[in-house]
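Only one structure is covered here, and it is reproduced in the block below.
The chains referred to below are lettered A, B, ... by the order of the sequence lines, with proteins before strands, and numbering in each begins at 1.
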There are 2 protein chains.
Amino acid sequence: MKRNSRLSAVLHALMHMAERETPMTSDDLALCLDTNAVVVRRTMAGLRDAGIVQSGRGHGGGWHFARPLAEISLLDIYNALGEPIVFQIGPATEMPGCVVEQSVNRVIGDALKDAEAILMARFAGTTLADLAADFRVAAKLCRADTG
Amino acid sequence: MKRNSRLSAVLHALMHMAERETPMTSDDLALCLDTNAVVVRRTMAGLRDAGIVQSGRGHGGGWHFARPLAEISLLDIYNALGEPIVFQIGPATEMPGCVVEQSVNRVIGDALKDAEAILMARFAGTTLADLAADFRVAAKLCRADTG
DNA sequence: TTTCATGTAACAATAATAGTTACGAAGCGC
DNA sequence: GCGCTTCGTAACTATTATTGTTACATGAAA
Ligand code: FES
Ligand code: FES
């Protein structure tokens, strides 16, 4: 099955934005992400509604951050993308009268809930500033290595 | 997005089988799961290949367990279903030359790996016997409750 | 007022999953 | 052996979710 890499993609876009002073247009970002400008707008719309980024129209318009990178966690972004479902697997549709189904769903549901909590905690503990710092170090090492 | 409830469904089927002495046909199980016999065979084929259940043809044929319920963990079943991917979200396709992508993928990948480990541990620690016991207790309570 | 850029709806393309049909092979009972 | 049952599997269709594309309206700057 195919994984949804929207979170990954949007983080990539945000890192690009973090490296710039001026706003980036949807077309710029679409080029970076190898996709379409409308897709970028669709995705970024969630972040804008969540107050993470802001968009401007007309000349000099585009996307820029609404607050410091250190105050934006991966969890914020994850939530803003509007994908509350983490797991591919999940319990079946509720069958109120069926005890078997309920037992199965409880066992699976509990396990998924635990795993999800771990994941959300990790996301909450990482900010965009952390991520930017991480890749800048890597980039510097890489550059030093190459020559 | 829609969740994949194959694990849930197959557990339901196995609980039905656990309640029976004689093998159950694909048609029987399809009726229980409200689906098609071919779909049941497709799903159960994985379990058969993993040595969890056995199938027999002709009169009196059908599906039955290959070993005691206490020796079958949810992890066994999960693996037998051939769905190694747990999460809907995931890193983007590898871009070897791109440091940003690598950083993003590492952060997300690590978090996912931790969460997945928790989930797998839970699955490994639960057997079909546990599940059967759980629902039998619930069923008894329910029956007592109803009268 | 022209140009640039987002906002959004509508539609097409793509892909994954599930369901269906059809037919062959294996096993049991007579 | 014969016929019935049941799995095994391929091929096809249906459904659904996601993504990509086109088109046009709106707002802002030069
Ligand atoms: S429908 Fe409830 S046990 Fe199968
Ligand atoms: S392509 Fe955007 S940083 Fe690598």
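Among residue pairs with one or both ends in residues 117-132 of chain A, those qualifying as salt bridge (charged side-chain N to carboxylate O under 4.0 Å, His left out) are A:R122-B:D114; sequence neighbours excluded. The side-chain hydrogen bond (donor to acceptor under 3.5 Å, both in side chains) pairs that include a residue from residues 39-50 of chain A are A:S26-A:R41, where partners are two or more places apart or lie in different chains.
For the contact set between residues 35-48 of chain B and DNA chain D, defined by any heavy atom under 4.0 Å, the members are B:V38, B:R41, B:R42, B:R48.
The side chain of B:S26 contributes an N or O atom lying less than 4.0 Å from OP1 or OP2 of D:dC7. Put simply, A:S55 has no side-chain N or O that comes within less than 4.0 Å of OP1 or OP2 on C:dA5.
Between the CG atom of B:L81 and the P atom of C:dA18 there is a distance of 11 Å, rounded to whole Å. C:dT20 atom C1' lies 17 Å from atom CG of B:L33, rounded to whole Å. The nearest whole Å value for the distance from the CG atom in A:D27 to the C1' atom in C:dG7 is 14 Å. Atoms CD (A:Q54) and C1' (D:dA28) sit 15 Å apart, rounded to a whole Å. Note: CG (A:D28) to C1' (C:dC4) measures 12 Å, nearest angstrom. Rounded to an integer number of Å, the gap from A:L7 CG to D:dT18 C1' is 17 Å. When the P atom of D:dA28 is taken as reference, atom CH2 of A:W63 falls 15 Å away, rounded to whole Å.
Contacts of A:E71 classified as side chain to side chain donor-acceptor pair (under 3.5 Å), with partners at least two apart in sequence or in another chain: none. The side chain to side chain donor-acceptor pair (under 3.5 Å) test applied to B:D76 returns B:R67, B:S73, not counting sequence neighbours. Residues passing the side chain to side chain contact (heavy atoms under 4.5 Å, CB included) test with A:A133, sequence neighbours excluded: none. Applying the side chain to side chain contact (heavy atoms under 4.5 Å, CB included) rule to A:H64 yields the partners A:P23, A:Q54; only residues at least two apart in sequence or on another chain are considered. Applying the side chain to side chain contact (heavy atoms under 4.5 Å, CB included) criterion to A:N79, with sequence neighbours excluded, gives A:L75.
No side-chain donor-acceptor contact under 3.5 Å links B:S5 to the backbone of B:S8.
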Between the protein and nucleotides 26-30 of chain C, are there any N/O to N/O pairs under 3.5 Å, and if so, what are the atom names and distances?
| residue | atom | partner | partner atom | Å |
| --- | --- | --- | --- | --- |
| C:dA26 | O4' | B:R57 | NE | 3.4 |
| C:dC28 | O2 | B:H59 | ND1 | 3.2 |

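Salt-bridge check for A:E19 with A:R136: passed, with a basic side-chain N closer than 4.0 Å to an acidic carboxylate O.
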